[in-house]
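Read the structure below first, then the notes.
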Amino acid sequence: METNKDIKPENKADGNKKVVLSGIRSTGNLHLGNYFGALSKFVRLQDNYDCRYFIADLHALTTNPDPAQLHSSVKNILAEYIAAGLDPEKNIIYIQSDIPEISEMYLLMNMHVGIGELMRTASFKEKARKALGIISDSDEIEKEIIGNQSNQRVNAGLLTYPTLMAVDILIHKADYVPVGKDQEQHLELTRRFARRFNSFYKTEYFGEPVNFNFGGEALKVPGLDGSGKMGKSEGNCIYLIDDEKTLRKKVMRAVTDEGPKEPNSAVSQPVENLFTLMGLVSDPDVIQHYRDAYADCSIRYGDLKKQLAEDLLKVTMPIRERILDIKDNDEYLSKVVKQGAERAREHASKTLKEVREIMGIRPL
Ligand code: TRP
């Protein structure tokens, strides 16, 4: 398991702690990929940095969710944040849409963002391709979008997703933005927009935020379907809220193969995925035991899966219990987000005021 030992406090020139900011889009519930890839890292930073974590409900709107589902997802994720160990006293925890300054600065920042660079963003191309049902990855996607008659399917919010994300980050003048590999390009755009703003207005106003380097490769949490990473849209997830029976069932049904035929054969992707999951939750001796059993062909995947389920439950069950405790405590949750919004708005309103001033929007 990861520990906090390697996280050293870092201060800015003014003596204050460096600012960490990250967010998770509110679609559905949080899964193990979110937990190991993001949340557990957020928790590791909370003692030594000025951390601000939010629920990106405006970003969720870009894919037009059902309103009732969006609302319940925000609440679920908030409860899951706290249950996973994010302390509302140590961090600023807020909902993106509670900070109107973000929406205003998004409008202002869009004046310095090119539609070409937005259309070339990988995440946009992928989402647009999916929405329009285009299979090939031809570079003709731009033409397809412009010519497409179904205007609602690729909306302008989806295109300007990176502007909104840059504003989330820059409005806090964040130093570090712990995100997965899939968000690196957005972070790169954030730095680019910051530089462009600075150079246009001849100022050094924005710094250039970077990912948080936890040392070592960013880990990818694989799904249970034998393919790539765990993801909501892939339907291969274990959720923090899954009950014991559901979790066991999912693990027992995970894709494997026919088993090794010869000693020391290479491990196929689906089986390697199970070992990777074990690497997150099981003791090294236990993992070695199954590695050895694979190498000498005595492995039984059923046993490996039972062990994996057992070890996963040790991590998820305490979190699940806390989620259930918190989730229906509306009074507590609304207190948390109210306090979070107040604290986040202090920072956001200061930045927005200065940005307006720099851009020439000044009182008469
Ligand atoms: N785009 C991020 C994701 O899908 C979520 C996000 C929105 C975010 N704004 C952010 C992450 C600002 C870090 C910082 O995972």
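Counting starts at 1 for both ligands and their atoms, in listed order. The basis for the numbers below is simple: all heavy atoms, side chains too, and nothing from hydrogens, waters or symmetry mates.
- Residues passing the side chain to side chain contact (heavy atoms under 4.5 Å, CB included) test with Asn273, sequence neighbours excluded: Pro222, Gln269.
- Looking at Arg320 and Asp242, no side-chain N of the basic residue comes within less than 4.0 Å of a carboxylate O on the acidic one, giving no salt bridge.
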In a simple table, one pair per line, please give the protein and ligand 1 atom names for every N or O pair closer than 3.5 Å, along with the distance.
residue: ligand 1; atom: 1 (N); partner: Tyr161; partner atom: OH; Å: 2.7
residue: ligand 1; atom: 1 (N); partner: Gln183; partner atom: OE1; Å: 2.9
residue: ligand 1; atom: 4 (O); partner: Arg25; partner atom: NE; Å: 3.4
residue: ligand 1; atom: 4 (O); partner: Tyr161; partner atom: OH; Å: 3.1
residue: ligand 1; atom: 4 (O); partner: Gln183; partner atom: NE2; Å: 3.4
residue: ligand 1; atom: 9 (N); partner: Asp168; partner atom: OD2; Å: 2.7

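- The salt bridge (Lys or Arg N to Asp or Glu O under 4.0 Å) contacts involving residues 296-308 comprise Arg300-Asp303, where partners must be two or more places apart or lie in separate chains.
- The one candidate from Phe206, Phe200, Tyr106 that meets the ring pair (Phe, Tyr, Trp, His ring centres under 6.0 Å) condition with His112 is Phe200.
- The list of ring pair (Phe, Tyr, Trp, His ring centres under 6.0 Å) pairs with a residue in residues 79-100, not counting sequence neighbours, reads Phe54-Tyr94, Tyr94-His172.
- Classification of Lys314 and Glu310 as a salt-bridged pair fails, no side-chain N sitting under 4.0 Å from a carboxylate O.
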